[in-house]
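In the text below, chain A, chain B and the rest are named by the order of the sequence lines, each starting its count at 1.
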Amino acid sequence: MDFSKVLIQWYLQNDRDLPWRKTKNPYFVWLSEIILQQTRVAQGTPYYLTFVKEFPTVFELAEASETHVLKLWQGLGYYSRARNLHFAAKQVVNDFGGVFPNSYDKIIQLKGVGDYTASAISSICFKEPHAVVDGNVYRVLARYFNMGTAINSSKGIKEFKALAQELIDPTQPGTSNQAIMEFGALHCKPQNPLCDTCPLSESCLALKHKTIKELPFKEKKLKIKKRYFNYLVLNGEQGNTILTERKGKGIWQGLFEFPLIESDDLIDAKTIVNTKEFKQLFSKRASLSLFNEKEIIHKLSHQHLYTKFWIVEDEEVVKSDILWNKIEQYPVPILISNFIRSFSTKTD
DNA sequence: AAGGCGGGGTA
DNA sequence: TACCCAGCCTT
(Lines give C-alpha, C1' and ligand atoms only; values in the text may rest on other atoms or scores of the structure.)
Protein backbone atom coordinates (compact mmCIF):
# COMPACT_ATOMS: atom_id res chain seq x y z
CA MET A 1 0.00 0.00 0.00
CA ASP A 2 1.39 3.40 -0.86
CA PHE A 3 1.95 6.41 1.35
CA SER A 4 -1.38 8.19 0.95
CA LYS A 5 -3.41 5.02 1.13
CA VAL A 6 -1.85 4.13 4.46
CA LEU A 7 -2.51 7.59 5.86
CA ILE A 8 -6.11 7.64 4.65
CA GLN A 9 -6.66 4.23 6.17
CA TRP A 10 -5.22 5.50 9.43
CA TYR A 11 -7.31 8.67 9.21
CA LEU A 12 -10.59 6.82 8.77
CA GLN A 13 -9.96 5.08 12.07
CA ASN A 14 -8.46 7.96 14.04
CA ASP A 15 -9.97 11.24 12.90
CA ARG A 16 -11.26 13.61 15.55
CA ASP A 17 -14.88 14.67 15.61
CA LEU A 18 -14.45 18.36 14.76
CA PRO A 19 -17.34 20.72 13.97
CA TRP A 20 -16.02 21.96 10.61
CA ARG A 21 -15.73 18.38 9.38
CA LYS A 22 -19.50 18.01 9.45
CA THR A 23 -19.91 20.37 6.50
CA LYS A 24 -18.60 21.05 3.03
CA ASN A 25 -20.03 24.55 3.01
CA PRO A 26 -17.01 26.52 1.81
CA TYR A 27 -17.89 29.51 3.98
CA PHE A 28 -17.65 27.43 7.15
CA VAL A 29 -14.57 25.57 5.95
CA TRP A 30 -12.94 28.90 5.13
CA LEU A 31 -13.78 30.26 8.61
CA SER A 32 -12.20 27.22 10.22
CA GLU A 33 -9.07 27.41 8.08
CA ILE A 34 -8.43 31.08 8.86
CA ILE A 35 -9.00 30.53 12.56
CA LEU A 36 -6.69 27.53 12.60
CA GLN A 37 -3.74 29.24 10.91
CA GLN A 38 -0.83 28.92 13.35
CA THR A 39 -3.38 27.94 15.96
CA ARG A 40 -4.08 24.69 17.76
CA VAL A 41 -7.43 23.01 17.26
CA ALA A 42 -8.19 23.20 20.98
CA GLN A 43 -7.61 26.94 21.05
CA GLY A 44 -9.46 27.72 17.83
CA THR A 45 -12.56 25.57 18.24
CA PRO A 46 -14.54 27.85 20.60
CA TYR A 47 -13.83 30.79 18.30
CA TYR A 48 -15.10 28.83 15.31
CA LEU A 49 -18.35 28.06 17.12
CA THR A 50 -18.74 31.71 18.09
CA PHE A 51 -18.19 32.95 14.54
CA VAL A 52 -20.59 30.45 13.00
CA LYS A 53 -23.27 31.42 15.48
CA GLU A 54 -22.71 35.17 15.19
CA PHE A 55 -22.26 35.16 11.41
CA PRO A 56 -24.30 32.27 9.95
CA THR A 57 -23.59 33.42 6.40
CA VAL A 58 -20.94 35.50 4.70
CA PHE A 59 -23.44 38.37 4.47
CA GLU A 60 -23.66 38.88 8.23
CA LEU A 61 -19.89 38.83 8.45
CA ALA A 62 -19.53 41.32 5.61
CA GLU A 63 -22.00 43.69 7.21
CA ALA A 64 -20.48 43.59 10.69
CA SER A 65 -18.18 46.34 11.92
CA GLU A 66 -14.47 45.63 12.05
CA THR A 67 -14.45 46.36 15.78
CA HIS A 68 -17.16 43.75 16.31
CA VAL A 69 -15.15 41.17 14.39
CA LEU A 70 -12.01 42.02 16.34
CA LYS A 71 -13.94 41.81 19.60
CA LEU A 72 -14.96 38.22 18.82
CA TRP A 73 -11.39 37.48 17.76
CA GLN A 74 -9.99 38.91 21.01
CA GLY A 75 -7.48 36.54 22.61
CA LEU A 76 -6.79 34.46 19.50
CA GLY A 77 -3.80 36.49 18.32
CA TYR A 78 -2.52 37.40 14.86
CA TYR A 79 -5.26 39.99 14.54
CA SER A 80 -4.55 40.70 10.88
CA ARG A 81 -6.37 37.42 10.27
CA ALA A 82 -9.56 38.95 11.64
CA ARG A 83 -9.20 42.13 9.61
CA ASN A 84 -8.46 40.14 6.46
CA LEU A 85 -11.36 37.78 7.20
CA HIS A 86 -13.71 40.73 7.36
CA PHE A 87 -12.25 42.23 4.20
CA ALA A 88 -12.55 38.90 2.37
CA ALA A 89 -16.20 38.53 3.38
CA LYS A 90 -16.84 41.83 1.63
CA GLN A 91 -14.90 40.54 -1.38
CA VAL A 92 -17.20 37.52 -1.56
CA VAL A 93 -20.26 39.76 -1.46
CA ASN A 94 -19.00 42.42 -3.84
CA ASP A 95 -16.71 40.56 -6.25
CA PHE A 96 -18.36 37.14 -6.26
CA GLY A 97 -22.00 38.10 -5.88
CA GLY A 98 -22.28 36.57 -2.44
CA VAL A 99 -21.43 33.09 -3.70
CA PHE A 100 -18.28 31.66 -2.14
CA PRO A 101 -15.68 31.14 -4.92
CA ASN A 102 -15.51 27.52 -6.05
CA SER A 103 -11.96 27.01 -7.32
CA TYR A 104 -8.38 27.40 -6.10
CA ASP A 105 -7.66 30.24 -8.51
CA LYS A 106 -10.60 32.27 -7.27
CA ILE A 107 -10.30 31.38 -3.59
CA ILE A 108 -6.68 32.50 -3.40
CA GLN A 109 -7.75 35.97 -4.49
CA LEU A 110 -9.36 36.43 -1.09
CA LYS A 111 -7.42 38.50 1.41
CA GLY A 112 -5.71 36.33 4.01
CA VAL A 113 -5.85 33.22 1.84
CA GLY A 114 -2.52 31.81 0.67
CA ASP A 115 -1.51 28.58 -0.99
CA TYR A 116 -2.26 26.44 2.04
CA THR A 117 -5.76 27.75 2.68
CA ALA A 118 -6.77 27.81 -0.99
CA SER A 119 -5.58 24.22 -1.33
CA ALA A 120 -7.46 23.14 1.77
CA ILE A 121 -10.78 24.72 0.79
CA SER A 122 -10.64 23.73 -2.88
CA SER A 123 -9.74 20.13 -2.06
CA ILE A 124 -12.23 19.66 0.77
CA CYS A 125 -15.19 21.48 -0.76
CA PHE A 126 -14.61 21.14 -4.50
CA LYS A 127 -12.42 18.02 -4.83
CA GLU A 128 -9.62 19.86 -6.58
CA PRO A 129 -6.30 17.99 -6.26
CA HIS A 130 -4.22 20.70 -4.55
CA ALA A 131 -1.92 19.39 -1.86
CA VAL A 132 -1.80 21.27 1.43
CA VAL A 133 1.55 21.90 3.08
CA ASP A 134 1.21 23.05 6.67
CA GLY A 135 3.44 22.48 9.69
CA ASN A 136 2.16 18.93 10.02
CA VAL A 137 2.87 18.04 6.40
CA TYR A 138 6.41 19.44 6.61
CA ARG A 139 7.07 17.25 9.61
CA VAL A 140 5.59 14.04 8.23
CA LEU A 141 7.33 14.36 4.87
CA ALA A 142 10.67 15.50 6.28
CA ARG A 143 10.74 12.48 8.52
CA TYR A 144 9.34 9.83 6.24
CA PHE A 145 11.68 10.80 3.40
CA ASN A 146 14.51 11.97 5.69
CA MET A 147 14.71 15.38 4.03
CA GLY A 148 17.10 17.90 5.55
CA THR A 149 16.11 20.84 3.36
CA ALA A 150 15.16 23.82 5.53
CA ILE A 151 11.38 24.06 5.52
CA ASN A 152 11.53 27.84 5.79
CA SER A 153 13.76 28.34 2.74
CA SER A 154 12.32 29.04 -0.68
CA LYS A 155 13.96 25.84 -1.92
CA GLY A 156 12.33 23.84 0.84
CA ILE A 157 8.91 25.36 0.28
CA LYS A 158 8.97 24.37 -3.41
CA GLU A 159 10.42 20.94 -2.73
CA PHE A 160 7.88 19.97 -0.08
CA LYS A 161 4.97 21.34 -2.07
CA ALA A 162 6.00 19.34 -5.13
CA LEU A 163 6.41 16.18 -3.10
CA ALA A 164 3.07 16.60 -1.36
CA GLN A 165 1.49 17.18 -4.76
CA GLU A 166 2.95 13.90 -6.06
CA LEU A 167 1.67 11.99 -3.07
CA ILE A 168 -1.89 13.27 -2.83
CA ASP A 169 -4.66 10.83 -3.74
CA PRO A 170 -6.39 12.68 -6.60
CA THR A 171 -9.55 10.64 -6.24
CA GLN A 172 -10.16 11.98 -2.73
CA PRO A 173 -7.96 15.06 -2.31
CA GLY A 174 -9.83 16.50 0.67
CA THR A 175 -9.58 13.32 2.70
CA SER A 176 -6.01 12.80 1.58
CA ASN A 177 -5.02 16.29 2.73
CA GLN A 178 -6.78 16.02 6.05
CA ALA A 179 -5.32 12.57 6.63
CA ILE A 180 -1.69 13.70 6.47
CA MET A 181 -2.39 16.74 8.64
CA GLU A 182 -4.29 14.76 11.24
CA PHE A 183 -1.55 12.14 11.25
CA GLY A 184 1.04 14.86 11.88
CA ALA A 185 -1.03 16.40 14.65
CA LEU A 186 -1.88 13.20 16.51
CA HIS A 187 0.73 10.60 15.64
CA CYS A 188 3.87 12.05 14.03
CA LYS A 189 3.99 14.76 16.71
CA PRO A 190 6.80 17.33 17.07
CA GLN A 191 7.98 15.79 20.34
CA ASN A 192 7.72 12.14 21.22
CA PRO A 193 6.19 10.87 17.99
CA LEU A 194 4.51 7.49 18.33
CA CYS A 195 6.96 5.55 16.17
CA ASP A 196 6.29 2.28 18.01
CA THR A 197 2.76 2.13 16.71
CA CYS A 198 3.30 3.98 13.42
CA PRO A 199 1.74 2.42 10.33
CA LEU A 200 4.63 3.81 8.27
CA SER A 201 7.50 2.80 10.54
CA GLU A 202 8.69 0.01 8.22
CA SER A 203 9.59 2.49 5.50
CA CYS A 204 10.23 5.72 7.46
CA LEU A 205 13.74 6.86 6.52
CA ALA A 206 14.25 9.17 9.49
CA LEU A 207 13.41 6.33 11.85
CA LYS A 208 15.87 4.14 9.99
CA HIS A 209 18.61 6.79 10.15
CA LYS A 210 17.72 7.90 13.70
CA THR A 211 17.16 11.51 12.59
CA ILE A 212 13.59 11.87 13.85
CA LYS A 213 14.61 14.41 16.47
CA GLU A 214 16.49 16.59 13.96
CA LEU A 215 13.60 16.81 11.52
CA PRO A 216 12.05 18.91 10.18
CA PHE A 217 15.01 21.28 9.92
CA LYS A 218 14.46 25.00 10.20
CA GLU A 219 16.90 27.81 9.47
CA LYS A 220 17.96 30.21 12.22
CA LYS A 221 15.94 31.54 15.11
CA LEU A 222 14.50 34.96 15.39
CA LYS A 223 15.85 37.37 17.92
CA ILE A 224 13.47 38.57 20.60
CA LYS A 225 13.26 42.31 21.08
CA LYS A 226 12.59 43.98 24.41
CA ARG A 227 10.15 46.89 24.63
CA TYR A 228 9.09 48.97 27.60
CA PHE A 229 5.42 49.92 27.85
CA ASN A 230 3.95 52.41 30.33
CA TYR A 231 0.17 52.55 30.28
CA LEU A 232 -1.58 55.61 31.72
CA VAL A 233 -4.81 54.38 33.26
CA LEU A 234 -7.12 57.22 34.16
CA ASN A 235 -9.29 56.34 37.14
CA GLY A 236 -11.85 59.09 36.65
CA GLU A 237 -14.30 60.20 39.32
CA GLN A 238 -17.22 59.69 36.96
CA GLY A 239 -16.21 56.09 36.28
CA ASN A 240 -14.49 57.28 33.15
CA THR A 241 -11.12 56.57 31.55
CA ILE A 242 -9.27 56.87 28.25
CA LEU A 243 -8.74 54.28 25.53
CA THR A 244 -7.01 54.76 22.20
CA GLU A 245 -7.04 52.62 19.08
CA ARG A 246 -3.76 51.28 17.73
CA LYS A 247 -3.31 52.34 14.14
CA GLY A 248 -0.67 52.01 11.46
CA LYS A 249 1.80 49.17 11.50
CA GLY A 250 2.94 46.95 14.31
CA ILE A 251 1.22 44.80 16.88
CA TRP A 252 -2.46 44.87 17.82
CA GLN A 253 -3.61 47.00 14.91
CA GLY A 254 -7.25 47.96 15.39
CA LEU A 255 -7.32 46.95 19.05
CA PHE A 256 -7.73 49.41 21.94
CA GLU A 257 -5.45 50.20 24.85
CA PHE A 258 -4.82 52.87 27.47
CA PRO A 259 -2.64 55.84 26.47
CA LEU A 260 0.84 54.42 26.07
CA ILE A 261 4.27 55.85 26.68
CA GLU A 262 6.96 53.59 25.27
CA SER A 263 10.51 54.09 26.51
CA ASP A 264 13.96 52.68 25.80
CA ASP A 265 14.26 51.34 29.31
CA LEU A 266 12.33 51.10 32.57
CA ILE A 267 11.32 54.60 33.71
CA ASP A 268 9.90 56.17 36.88
CA ALA A 269 6.91 58.37 37.65
CA LYS A 270 8.82 61.61 37.42
CA THR A 271 10.00 60.84 33.92
CA ILE A 272 6.47 60.04 32.83
CA VAL A 273 4.96 63.19 34.28
CA ASN A 274 7.48 65.22 32.31
CA THR A 275 6.68 63.70 28.96
CA LYS A 276 4.86 65.67 26.32
CA GLU A 277 2.26 62.91 25.99
CA PHE A 278 1.38 63.02 29.66
CA LYS A 279 1.09 66.81 29.73
CA GLN A 280 -1.18 66.71 26.73
CA LEU A 281 -3.60 64.32 28.37
CA PHE A 282 -3.61 65.38 31.99
CA SER A 283 -3.51 68.52 34.14
CA LYS A 284 -0.68 69.64 36.39
CA ARG A 285 -2.52 68.41 39.45
CA ALA A 286 -2.76 64.86 38.17
CA SER A 287 -1.27 62.24 40.47
CA LEU A 288 0.38 59.04 39.42
CA SER A 289 0.73 55.72 41.22
CA LEU A 290 2.19 52.44 40.04
CA PHE A 291 -0.31 49.57 39.92
CA ASN A 292 2.13 46.69 39.52
CA GLU A 293 5.37 46.94 41.49
CA LYS A 294 7.09 44.39 39.30
CA GLU A 295 6.74 45.00 35.58
CA ILE A 296 4.58 42.50 33.72
CA ILE A 297 6.47 40.67 31.00
CA HIS A 298 4.07 39.91 28.18
CA LYS A 299 5.66 37.54 25.71
CA LEU A 300 4.85 37.62 22.03
CA SER A 301 6.57 35.29 19.60
CA HIS A 302 8.92 38.07 18.49
CA GLN A 303 9.07 40.59 21.33
CA HIS A 304 8.84 40.82 25.10
CA LEU A 305 6.84 43.70 26.52
CA TYR A 306 8.00 44.94 29.94
CA THR A 307 4.85 46.65 31.09
CA LYS A 308 3.90 49.02 33.90
CA PHE A 309 0.36 50.20 34.53
CA TRP A 310 0.20 53.67 36.07
CA ILE A 311 -3.03 54.78 37.73
CA VAL A 312 -3.78 58.44 37.11
CA GLU A 313 -6.10 60.51 39.31
CA ASP A 314 -6.98 63.84 37.74
CA GLU A 315 -9.98 66.05 38.48
CA GLU A 316 -9.41 68.34 35.56
CA VAL A 317 -8.88 65.87 32.77
CA VAL A 318 -10.53 66.93 29.54
CA LYS A 319 -10.57 64.17 26.98
CA SER A 320 -12.05 61.13 28.65
CA ASP A 321 -15.20 59.56 27.30
CA ILE A 322 -14.78 55.85 27.91
CA LEU A 323 -16.79 54.42 30.80
CA TRP A 324 -15.32 51.59 32.84
CA ASN A 325 -18.65 49.77 32.81
CA LYS A 326 -18.67 49.81 28.99
CA ILE A 327 -15.03 48.91 28.54
CA GLU A 328 -15.80 45.31 27.67
CA GLN A 329 -17.26 46.43 24.35
CA TYR A 330 -13.81 47.24 23.05
CA PRO A 331 -11.43 44.67 21.57
CA VAL A 332 -8.23 44.77 23.59
CA PRO A 333 -5.03 42.70 23.72
CA ILE A 334 -4.85 39.99 26.38
CA LEU A 335 -2.29 42.09 28.25
CA ILE A 336 -4.88 44.86 28.66
CA SER A 337 -7.75 42.47 29.28
CA ASN A 338 -5.84 40.83 32.13
CA PHE A 339 -5.08 44.20 33.67
CA ILE A 340 -8.70 45.35 33.49
CA ARG A 341 -9.81 42.22 35.27
CA SER A 342 -7.30 42.53 38.10
CA PHE A 343 -7.87 46.28 38.43
CA SER A 344 -11.64 45.99 38.66
CA THR A 345 -11.30 43.12 41.12
CA LYS A 346 -9.03 45.22 43.31
CA THR A 347 -11.26 48.27 43.30
CA ASP A 348 -14.50 46.41 43.98
C1' DA B 1 14.40 36.71 0.73
C1' DA B 2 13.50 38.41 5.22
C1' DG B 3 10.90 40.19 8.85
C1' DG B 4 6.55 41.05 11.35
C1' DC B 5 2.62 39.29 13.42
C1' DG B 6 -0.31 36.51 19.42
C1' DG B 7 -1.34 33.63 22.60
C1' DG B 8 -1.09 29.27 24.58
C1' DG B 9 0.26 24.18 25.00
C1' DT B 10 3.92 20.86 25.78
C1' DA B 11 8.20 18.78 27.38
C1' DT C 1 13.51 27.61 28.52
C1' DA C 2 12.64 26.28 23.72
C1' DC C 3 9.69 24.79 20.30
C1' DC C 4 5.56 24.86 17.73
C1' DC C 5 0.69 25.39 16.32
C1' DA C 6 -4.64 23.47 9.73
C1' DG C 7 0.32 30.70 7.49
C1' DC C 8 0.00 35.22 5.30
C1' DC C 9 1.37 39.86 4.19
C1' DT C 10 4.60 43.55 3.45
C1' DT C 11 8.93 45.32 2.19
Side-chain angles (χ1 to χ4, degrees), chain A residues 11 15-16 18-21 29-48 70 73-85 87-88 107-121 123-124 130-140 150-158 160-161 164 174 177-186 188-193 213-225 227 246 248-255 297-305 331-338:
Chain A
Y11 177 69
D15 66 316
R16 289 168 288 185
L18 303 174
W20 46 88
R21 288 193 178 146
V29 172
W30 167 66
L31 274 181
S32 74
E33 291 298 343
I34 302 298
I35 286 170
L36 291 172
Q37 286 169 6
Q38 293 291 286
T39 304
R40 291 169 194 283
V41 165
Q43 189 187 4
T45 299
Y47 287 83
Y48 172 80
L70 282 169
W73 200 272
Q74 178 177 308
L76 196 54
Y78 283 146
Y79 296 93
S80 64
R81 288 183 295 168
R83 297 193 303 274
N84 291 339
L85 182 82
F87 186 95
I107 295 168
I108 204 169
Q109 294 173 27
L110 298 176
K111 195 92 167 169
V113 172
D115 175 72
Y116 163 77
T117 304
S119 297
I121 300 171
S123 65
I124 293 170
H130 292 278
V132 295
V133 184
D134 72 336
N136 295 307
V137 176
Y138 280 122
R139 186 169 53 256
V140 173
I151 62 172
N152 57 344
S153 66
S154 54
K155 180 166 179 280
I157 292 170
K158 287 179 197 163
F160 281 89
K161 174 76 183 185
N177 276 335
Q178 295 191 78
I180 189 171
M181 290 193 285
E182 190 81 335
F183 181 74
L186 300 182
C188 194
K189 300 182 293 178
Q191 283 107 14
N192 304 330
K213 285 183 70 178
E214 333 294 324
L215 297 172
F217 174 70
K218 223 174 200 173
E219 255 166 7
K220 61 182 95 159
K221 303 154 189 173
L222 69 146
K223 192 168 74 179
I224 306 252
K225 288 178 189 162
R227 300 175 71 179
R246 285 188 74 97
K249 296 170 186 170
I251 58 173
W252 301 334
Q253 193 185 130
L255 275 65
I297 306 175
H298 186 71
K299 294 177 178 177
L300 308 182
S301 54
H302 44 288
Q303 44 189 287
H304 288 181
L305 311 178
V332 297
I334 286 297
L335 172 64
I336 301 295
S337 166
N338 288 344

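For A:Q303, a side-chain nitrogen or oxygen approaches OP1 or OP2 of B:dC5 to under 4.0 Å. Here A:Y48 does not reach the OP1 or OP2 of C:dA6: none of its side-chain N or O atoms lies under 4.0 Å away. Note on A:T117: a side-chain N or O is less than 4.0 Å away from OP1 or OP2 of C:dC8. Side-chain N/O atoms of A:K249 include one lying less than 4.0 angstrom from OP1 or OP2 on C:dT11. Distances shorter than 4.0 Å separate some side-chain N or O of A:K225 from OP1 or OP2 on B:dG4. A sub-4.0 Å separation between OP1 or OP2 of C:dC9 and a side-chain N or O of A:R81 is absent.
Residue A:V41 is the one, among A:V41 and A:I108, whose nearest nucleotide of DNA chain C lies closer to the 5' end (criterion: closest heavy atom). For the pair A:L335 and A:S153, nearest-nucleotide mapping onto DNA chain B gives the more 5' position to A:S153. Heavy-atom nearest nucleotides on DNA chain C were determined for A:S80 and for A:R40, and the one closer to the 5' end corresponds to A:R40.
With C:dT1, B:dC5, C:dT10 as the choices, the nucleotide that has an atom nearest any side-chain atom of A:K111 turns out to be C:dT10. In this structure, the nucleotide among B:dG6, C:dT11, C:dA6 sitting nearest to the side chain of A:T39 is B:dG6. Proximity note for A:H298 (side chain, C-beta onward) versus B:dA1, B:dG7, B:dG8: the nearest is B:dG7. Listed candidates were B:dG7, C:dA6, C:dT11. Nearest to the side chain of A:Y116 is C:dA6. Distances from the side chain of A:S301 to the nucleotides C:dC4, B:dG6, C:dG7 place B:dG6 closest. In this structure, of B:dG8, C:dG7, C:dA6, it is C:dA6 that holds the atom nearest to the side chain of A:E33. Here the nucleotide nearest the side chain of A:Q43, chosen from C:dC8, B:dG7, C:dC4, is B:dG7. Out of B:dG8, C:dA6, C:dC5, the shortest distance to the side chain of A:Q38 is found at C:dC5. Nearest to the side chain of A:D134, among C:dT11, C:dG7, C:dC4, sits C:dG7. The side chain of A:I334 lies closest to B:dG7, out of C:dA6, C:dC4, B:dG7.
A:E33 has no carboxylate O lying under 4.0 Å from a charged side-chain N of A:R81, or vice versa, which leaves the two without a salt bridge.
For the ring-ring contact (aromatic ring centres under 6.0 Å, His included) criterion with A:Y138, the lone passing option out of A:F217, A:F160, A:Y116 is A:F160.
Comparing the P positions of B:dG6 and C:dT10 gives an interatomic distance of 14 Å, to the nearest angstrom. Rounded to whole Å, the C1' atom of C:dA6 lies 22 Å from the corresponding atom of B:dA11.
Rounded to an integer number of Å, the gap from A:K161 NZ to C:dG7 P is 13 Å. Rounding to whole angstrom units, CZ of residue A:R139 and C1' of C:dA6 are separated by 11 Å. If you take CH2 of A:W252 and P of B:dG4, they are 16 Å apart, rounded to a whole angstrom. One atom, CD1 of A:I336, and another, C1' of B:dG6, lie 14 Å apart when rounded to the nearest Å. For A:H302 and C:dA2, the NE2 to C1' distance is 17 Å, given to the nearest whole Å. Distance, A:R16 CZ to C:dC5 C1': 11 Å, rounded to whole Å. Going from atom CD of A:Q37 over to atom C1' of C:dC4 covers 16 Å, rounded to whole Å. Look at CG on A:N192: it is 13 Å from P on B:dT10, rounded to the nearest Å.
Contact of the A:L300 side chain with the A:I251 side chain is registered, since non-hydrogen atoms from C-beta on lie closer than 4.5 Å. Side-chain atoms of A:L255 and A:W73, non-hydrogen and from C-beta on, never get closer than 4.5 Å to each other. Two residues are said to be in side-chain contact when any heavy atoms from C-beta on lie closer than 4.5 Å; A:Q303 and A:R227 meet this criterion. Annotation: side chain of A:F183 is not in contact with side chain of A:Y11 (no heavy-atom distance under 4.5 Å).
A:G250 comes within 4.0 angstrom of sugar-phosphate atoms only, judged by non-hydrogen atoms across all strands, and of no base. As judged by a 4.0 angstrom heavy-atom cut-off over every strand, A:K189 is placed among residues making no nucleic acid contact. Residue A:G75 is in sugar-phosphate contact alone, with no base atom involved, counting any heavy-atom pair closer than 4.0 Å across all strands shown. A:W20 comes within 4.0 angstrom of a base, heavy atoms only.
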CA sep, side-chain torsions, deciding dist, call: A:I34, A:T117, side chain to side chain contact (heavy atoms under 4.5 Å, CB included): CA-CA 7 Å; A:I34 302 298; A:T117 304; 4.2 Å; yes

